[in-house]
Amino acid sequence: MLLDINRKLFTRSDRVKGVDFHPTEPWILTGLYNGTVNIYNHDTGALIKTFEIAEVPVRCVRFIPRKNWFVAGCDDFQLRIFNYNTHEKVAAFEAHPDYIRCLTVHPTASIVLTGSDDMTIRAWDWDKQWRCIQTYEGHTHYIMNITVNPKDPNTFASSCLDRTVKIWSLGSSTPNFTMEAHDKGVNYVEFYPGADKPYLVTASDDKTVKIWDYLSKSCVQTLEGHSNNVLFAAFHPNLPLIISGGEDGTVKLWNSGTYRLENTLSYALERAWCIALRKASNEVAVGYDEGLVVIKLGRDEPTYSMDTSGKVVYTRNNEVLSANIQMVQEESVSDGNRIPLSIKELGTTEVFATSLVHSPNGRFVTVVGDGEYIVYTALAWRNKAFGNGNSFAWAGDSNTYAVLEGRMKVRVYKNFRERGGAGMKGAGSWAIDGLHGGTLLGARGTGFVLFWDWESGEIVRRIEVDAKSIYWSGSGDLVAIASEDSFYVLRFDRDAYTAKLESGADVGDEGVEEAFDLVAEISDNVKTAKWIGDCFIYTTAANRLNYFIGSESYTITPFDTPLYLLGYVPAHNRVYLVDKDVNVYSYSLSLSMVEYQTAVLRDDMEAAAEILPSIPKEHRNKIAAFLESRGLKELALEVTTDPDQKFELSLQLDDLDAAVEIARTVPELEAETKWKAIGDRALAVWRFDLARESFEKAGDLSALMLLLLATGDRDGLAKLAVQAEAKGQNNLAFATLLQLGDPKPCVDLLIKTHRAPEAAMFARTYAPSKAPEAVQAWQTDLHSKNRAKLADAIADPTAHRELFEEGWEGALQREAGTPALSAPLTNGNAETPASEEDDDDDDDDDEEEEDSEEEES
């Protein structure tokens, strides 16, 4: 079984005795021999939480995600429960009178099962304040592991150093039955997660792993290969694998169907103690003496294929299943919702499939995996051909295909017989990673893509690019080459290639440069893709469904979880996608819209006009956006049904009358911005009357004032001043009145807006006749603020000269009864004693008499 094995997390720490995955968060929980519990993010590798819970070893840990807890069993006999969000200790109590060796959390009930060196198993109910609800007795040595049966949650199994495995019911303190499993102690037991086999797997100190049928209590298979005690062995939930590890420091991968050893992993971290499998993914965590390793086996993308008629074939381990999308009722389909499909078993395959490939006519399906390929008939699932091969590619005629053996040998078959001749030119000169079918046979390797002609085997073109996939269009003219960060669309010119060959020129290993023209380079990470005519539909690493046509890419929809492109069914006008569990989803994409865009890109406007009436109304706005991007704004204006888009296009085309009609039909709140835009555009094209109407309806008085000033409209300015004052835009009203050259209304406006000092100063300069009124308003304002003396000083400044000498600020503070910030210096003194206040009044009287004498003289 050829599986990609990627190490996601490698961290050194104290000895890891327990490990568990969180089911929804990207977290891995570890219990250490030094008494610490750590939580890592296995995507980033960061240590995100640490709990120092004991001074003795923590031998077992498990998440309880329903409660945001984790539970840990320690060598001080204590069972401890913590809230991993708040770090709060939820509970701690002595669960056994000896070491707690293992524990498990029931998948549905509020129960934690613990196994101990006291040779008992106990059940604790957290809904009953962690009361022990049952004790299970029968083992005669340390209990090493407990696991609940996924097919029957009322039963569980335990492994023990007394060499037995016992099966229990939750409600009974005695075992249902006992199996003498190994010659030495049994360290681990785990149930097979599937529904088709009543199996469990055991690991032992006798250095073996055994698979048991617990119904017949018979050993199905013994796996030998470890050189020391085997401490764990578990079935992988998604892959046909058994994973075992132990004191020899290795982790071994066994095929659960053939029981063949597939791979051995060693990370030089001494003994492997514990394992956790993530059910939602293909990730495996292993705890060692010196740290933790998380690996990813295989890929998340399912193995599937769909032919042009909508028949889907996919694999689940060695089972082959099928469904027909053509049978889906259109009324039950909506964008983004899961589609209920009738699934039927098609058969089985002898290899673990890493890829499925339908032939172009849909009659055959090729399964590739484990270094082999098998061609089956699609209807009856009968074996048609097989052989060794790591990669497989169909030609466009469904009678020819190519197989890659190893990395250097390419074999070509026609009508299921190997074709004679020299084969593909230069095929043994480069290390090839994969083959891709289509108009030409494509091969990709490190730093290059190579295209061969199917018939002659000659090199058409060698292109230097790091590619991960190649996609040919059905027409055979376009090909997309996807790399890690972008994809390139090329156009194949067969005539240029043929002409070069006929000229007798030496093609060489680089091929014919003129055979391909670059159409576009798009910065998108393509995950899965299909061609529909000249439209390239693809999913991205950012979880978006896009399509490329012409030279630009457009988004159909984003989605929340990773989806993989299944194909397109023209009869439904829908794109179909699957998730990693092969649940099917769909999104609408009108084929007529794609045909219309293709016709426009080819400048065939007559054909585009014929197609346009067949495009559904809900797609007209997308067509308009496409036309606008191509510079065809007049046509976009005719096509669109969106008022906002129509308004914007009208402005861009200076069709202001159409824009006015739209603005008159929209709600008042939205109309203001539209009228403002019309006014700005009307000014640019010298339509002053329309600009004035637009600014009035938009309520943009500032722009209206500038327009009226520019046109010299006094009546309009007078009305504008009234409007501005009514709206509280006093500065604008003042500026307008001032521009009209009438200062008296300006003084009145200042007085109305409680700006009497400015009114007085303005009146003194521009409207002397209004000065008494302004001063009176000023005095009234000061009296209302209890500033009587200041008000009198304004009326008779000479009688209150000292107020003006010390400044208004000091006078205001003194009148309010607070010390002045900066009192004037008099006779060298900084302050005037309070006892001299009466003398000030006498001085004022003397000054008034002197003033009157001066007036008489």
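Worth knowing before you read on, the calculation uses all heavy atoms, side chains too, and leaves out hydrogens, waters and symmetry mates. Along the sequence shown, the residues carry numbers beginning at 1. As the structure is a prediction and not an experimental result, all values here were calculated from the model.
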Backbone N or O of [Y] within a donor-acceptor pair of the [X] side chain at under 3.5 Å?
{"X": "Arg299", "Y": "Thr354", "value": "yes"}
{"X": "Asn255", "Y": "Arg260", "value": "no"}
{"X": "Thr303", "Y": "Ser355", "value": "no"}

Point-to-point distance, once rounded to the nearest 0.5 Å, from [atom1] of [X] to [atom2] of [Y]:
{"X": "Met179", "Y": "Ser159", "atom1": "CE", "atom2": "OG", "value": "10.5 Å"}
{"X": "Ser158", "Y": "Ile167", "atom1": "OG", "atom2": "CD1", "value": "7.5 Å"}
{"X": "Arg66", "Y": "Ser110", "atom1": "CZ", "atom2": "OG", "value": "7.5 Å"}
{"X": "Ile143", "Y": "His96", "atom1": "CD1", "atom2": "NE2", "value": "7.5 Å"}
{"X": "Lys17", "Y": "Arg101", "atom1": "NZ", "atom2": "CZ", "value": "7.0 Å"}
{"X": "Trp273", "Y": "Glu247", "atom1": "CH2", "atom2": "CD", "value": "5.0 Å"}

Taking [atom1] in [X] as the centre, count heavy atoms belonging to other residues, nucleotides or ligands within less than 6.0 Å. Is the count above 12?
{"X": "Glu345", "atom1": "CD", "value": "no"}
{"X": "Glu405", "atom1": "CD", "value": "yes"}
{"X": "Arg316", "atom1": "CZ", "value": "no"}
{"X": "Lys217", "atom1": "NZ", "value": "yes"}
{"X": "Lys184", "atom1": "NZ", "value": "no"}
{"X": "Ile5", "atom1": "CD1", "value": "yes"}
{"X": "Asp560", "atom1": "CG", "value": "no"}

Any side-chain heavy-atom pair from [X] and [Y] closer than 4.5 angstrom?
{"X": "Leu231", "Y": "Ile275", "answer": "no"}
{"X": "Ile243", "Y": "Leu297", "answer": "yes"}
{"X": "Thr377", "Y": "Arg363", "answer": "no"}

Test side chain to side chain donor-acceptor pair (under 3.5 Å), reference Asn282, set Asp300, Asn6, Asn238, output is Asn238

Could you tell me whether the side chains of [X] and [Y] share a donor-acceptor contact shorter than 3.5 Å?
{"X": "Lys166", "Y": "Thr178", "result": "yes"}
{"X": "Ser218", "Y": "Asp213", "result": "no"}
{"X": "Lys210", "Y": "Ser204", "result": "no"}
{"X": "Tyr376", "Y": "Thr349", "result": "yes"}

Hey, what's the ring geometry for [X] with [Y], parallel, tilted or perpendicular (30° and 60° as the breaks)?
{"X": "Phe392", "Y": "Trp394", "value": "perpendicular"}
{"X": "Tyr413", "Y": "Tyr401", "value": "parallel"}
{"X": "Phe10", "Y": "Tyr267", "value": "tilted"}

Applying the side chain to side chain contact (heavy atoms under 4.5 Å, CB included) criterion to [X], which one of [options] satisfies it?
{"X": "Thr30", "options": "Val61, Asn38, Val37", "value": "Asn38"}
{"X": "Arg59", "options": "Asp75, Leu32, Ile100", "value": "Asp75"}
{"X": "Ile28", "options": "Asp20, Asn41, Leu292", "value": "Leu292"}

Considering the options Phe191, Tyr192, Tyr199, Phe156, which one meets the ring-ring contact (aromatic ring centres under 6.0 Å, His included) requirement together with Tyr214?
Phe191

Under 4.0 Å between a side-chain nitrogen and a carboxylate oxygen: does that hold for Arg163 and Asp183?
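Salt bridge flag = no for Asp183 with Arg163.
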
Lys344 vs Ser322, side-chain hydrogen bond (donor to acceptor under 3.5 Å, both in side chains): CA-CA, chis, key distance, verdict
CA-CA 6 Å; Lys344 73 173 185 177; Ser322 69; 4.8 Å; no

Centroid-centroid under 6.0 Å between Tyr99 and Tyr142 rings:
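No, ring centres 6.0 Å or more apart.
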
Using side-chain contact (heavy atoms from CB on, under 4.5 Å), reason through Val582 and Leu321 one step at a time and then give a plain yes or no.
CA-CA 10 Å; Val582 200; Leu321 306 170; over 6 Å; no

Is the Lys NZ or Arg CZ of Lys384 less than 6.0 Å from the centre of Phe364's six-membered ring, within 45° of the axis?
no

Test log, rule side-chain hydrogen bond (donor to acceptor under 3.5 Å, both in side chains), inputs Lys296 and Ser281:
CA-CA 8 Å; Lys296 185 176 182 66; Ser281 182; 3.1 Å; yes

